[in-house]
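Everything below concerns the one structure shown next.
Protein chains get the first letters and strands the later ones, always in sequence-line order, with residue 1 at the start of each. What you are looking at is a predicted structure, and each value in this text was computed from that prediction instead of being measured.
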Number of protein chains: 2
Amino acid sequence: MLTLTPVEAVACCSPLSREPLSQEAAERIAPMLKALADPVRLRLLSLVASHEGGEACVCDLGDAFDLSQPTISHHLKVLHEAGLLEREKRGVWVYYRSSPTAMSSLATLISDTAS
Amino acid sequence: MLTLTPVEAVACCSPLSREPLSQEAAERIAPMLKALADPVRLRLLSLVASHEGGEACVCDLGDAFDLSQPTISHHLKVLHEAGLLEREKRGVWVYYRSSPTAMSSLATLISDTAS
DNA sequence: CATCGATATTGACAGACGTCGATGTATGCC
DNA sequence: GGCATACATCGACGTCTGTCAATATCGATG
């Protein structure tokens, strides 16, 4: 069975302001926005994106929060499963990188609604 | 006391990819994204934005959903309080209009993370 | 003023979500 | 092999969220 990644699901939508979003499309897009719609995850994403090389090790991220390690790990998983962060294991460390295509297609979808 | 609207709170942020988002900024932005992060609300917003004149009466919106009237009213309230929809009462009817500034500042915030 | 129609508010409930401590898994090192 | 370190998973807990039925509010109309 063919499954679209969340990113692909967003990229193929016509602007919100041209024709009403179908229920199916809305149900594919909402999870990506839901992944973004948390203060901790927003900061995590921002930390990764602003880190040198555009990637960051989990060990670099936890210090910025007053949260347990499992909680940070949970949030990173949510962002990863939504297609907003890419994951790469290097030795003992895990590096996350933000996905420009995911972010820009989300941004396009939203900005089209503005006009 | 001076309170920023959600829209103003987003508009004044530097790109996510230049410097990490502060906790305060993240906590102001997240509610707007949370308002957007629901399939029903995404469709409502899209219905309003794509409606002729860029505005729609509540009576035009309910039919597209298999949901009760109070539920639709609730979602519209969430979108309105997040600054994503403007509300105007005309006689017995209430018209909602999408807020271009809100959407475009959100889009800018997200798209900056992509680069 | 009584009534009707359009929308909002309230209260209740089930399910989803964020968080933690405890535990599991895997890699590197002695 | 044995141990330490980095990260993930699990199970439990309180809180938040989407939904509905019932009720309230507000404007128009007779």
Side-chain angles (χ1 to χ4, degrees), chain A residues 6 21 23-24 26-48 51 55-82 84-97, chain B residues 6 21 23-24 26-48 51 55-82 84-97:
Chain A
L21 210 56
Q23 181 173 349
E24 297 74 29
E27 283 171 354
R28 284 195 310 264
I29 299 170
M32 285 186 74
L33 288 167
K34 201 168 280 191
L36 217 56
D38 178 275
V40 174
R41 292 196 288 267
L42 267 180
R43 290 180 63 205
L44 277 171
L45 201 66
S46 166
L47 276 169
V48 170
H51 206 265
E55 67 176 13
C57 170
V58 178
C59 55
D60 297 327
L61 300 172
D63 301 340
F65 302 86
D66 199 22
L67 292 171
S68 71
Q69 175 265 321
T71 298
I72 299 295
S73 187
H74 163 70
H75 285 304
L76 289 170
K77 183 183 185 181
V78 171
L79 287 167
H80 174 59
E81 288 180 340
L84 301 178
L85 281 185
E86 290 158 16
R87 211 184 98 100
E88 186 186 348
K89 185 161 187 175
R90 293 212 284 271
V92 185
W93 297 278
V94 174
Y95 288 81
Y96 284 92
R97 215 171 20 255
Chain B
L21 211 55
Q23 180 174 349
E24 297 74 28
E27 283 171 354
R28 284 194 310 263
I29 299 170
M32 285 186 73
L33 289 166
K34 202 168 280 191
L36 217 55
D38 178 276
V40 174
R41 292 196 288 267
L42 267 179
R43 290 179 63 206
L44 277 172
L45 201 65
S46 166
L47 276 169
V48 170
H51 207 266
E55 67 175 13
C57 170
V58 179
C59 55
D60 297 328
L61 300 172
D63 301 340
F65 302 87
D66 199 22
L67 293 171
S68 72
Q69 175 266 321
T71 299
I72 299 295
S73 186
H74 162 70
H75 285 305
L76 288 170
K77 182 182 184 181
V78 171
L79 287 167
H80 174 59
E81 288 180 339
L84 301 177
L85 280 185
E86 290 158 16
R87 210 184 100 99
E88 186 186 349
K89 188 163 187 176
R90 293 210 285 271
V92 186
W93 296 278
V94 174
Y95 289 80
Y96 283 92
R97 215 170 21 254

Spacing between [X] atom [atom1] and [N] atom [atom2], to the nearest angstrom:
X: A:Leu36; N: C:dG18; atom1: CG; atom2: C1'; value: 17 Å
X: A:Lys89; N: D:dT5; atom1: NZ; atom2: P; value: 17 Å
X: B:Arg41; N: D:dT19; atom1: CZ; atom2: C1'; value: 12 Å
X: A:Arg90; N: D:dC7; atom1: CZ; atom2: C1'; value: 15 Å
X: B:Leu61; N: C:dA6; atom1: CG; atom2: C1'; value: 13 Å
X: A:Glu27; N: C:dA16; atom1: CD; atom2: P; value: 14 Å
X: A:Glu88; N: D:dC7; atom1: CD; atom2: C1'; value: 15 Å
X: B:Glu81; N: D:dC16; atom1: CD; atom2: P; value: 16 Å

Looking at [atom1] of [X] and [atom2] of [Y], how far apart are the two atoms once the value is rounded to the nearest 0.5 Å?
X: B:Leu33; Y: A:Met32; atom1: CG; atom2: CE; answer: 12.0 Å
X: A:Leu76; Y: A:Leu84; atom1: CG; atom2: CG; answer: 11.5 Å
X: A:Leu45; Y: A:Asp38; atom1: CG; atom2: CG; answer: 11.5 Å

- request: Decide yes or no for B:Leu44 and B:Phe65: does some side-chain heavy atom of the first lie under 4.5 Å from some side-chain heavy atom of the second?
  value: yes
A:Asp60 side chain reached by A:Val48 side chain, heavy atoms, under 4.5 Å: no
message: Taking only side-chain N and O atoms of B:Tyr96, does any of them lie within less than 4.0 angstrom of OP1 or OP2 on C:dA8?
response: yes
message: Side-chain N or O of B:Arg87 versus OP1/OP2 of C:dA8: is the shortest distance under 4.0 Å?
response: yes
Minimum-distance nucleotide to A:Val92 side chain [options: C:dT19, C:dT27, C:dA8]: C:dT27
message: Below 4.0 angstrom, which residues in residues 65-77 of chain B have at least one non-hydrogen atom near DNA chain C?
response: B:Gln69, B:Pro70, B:Ser73, B:Lys77
query: What is the nucleic acid contact for A:Tyr95, judged by heavy atoms within less than 4.0 Å: base, sugar-phosphate only, or nothing?
result: nothing
task: List in chain and number order the residues that pass side chain to side chain donor-acceptor pair (under 3.5 Å) with A:Glu27, two or more places apart in sequence or in another chain; answer none if no residue qualifies.
output: A:Gln23
field: Contacts of type side chain to side chain donor-acceptor pair (under 3.5 Å), residue A:Arg97, not counting sequence neighbours
entry: A:Glu55, A:Glu88
- line: On DNA chain C, more 5' by nearest nucleotide between A:Lys34 and B:Val58 is B:Val58
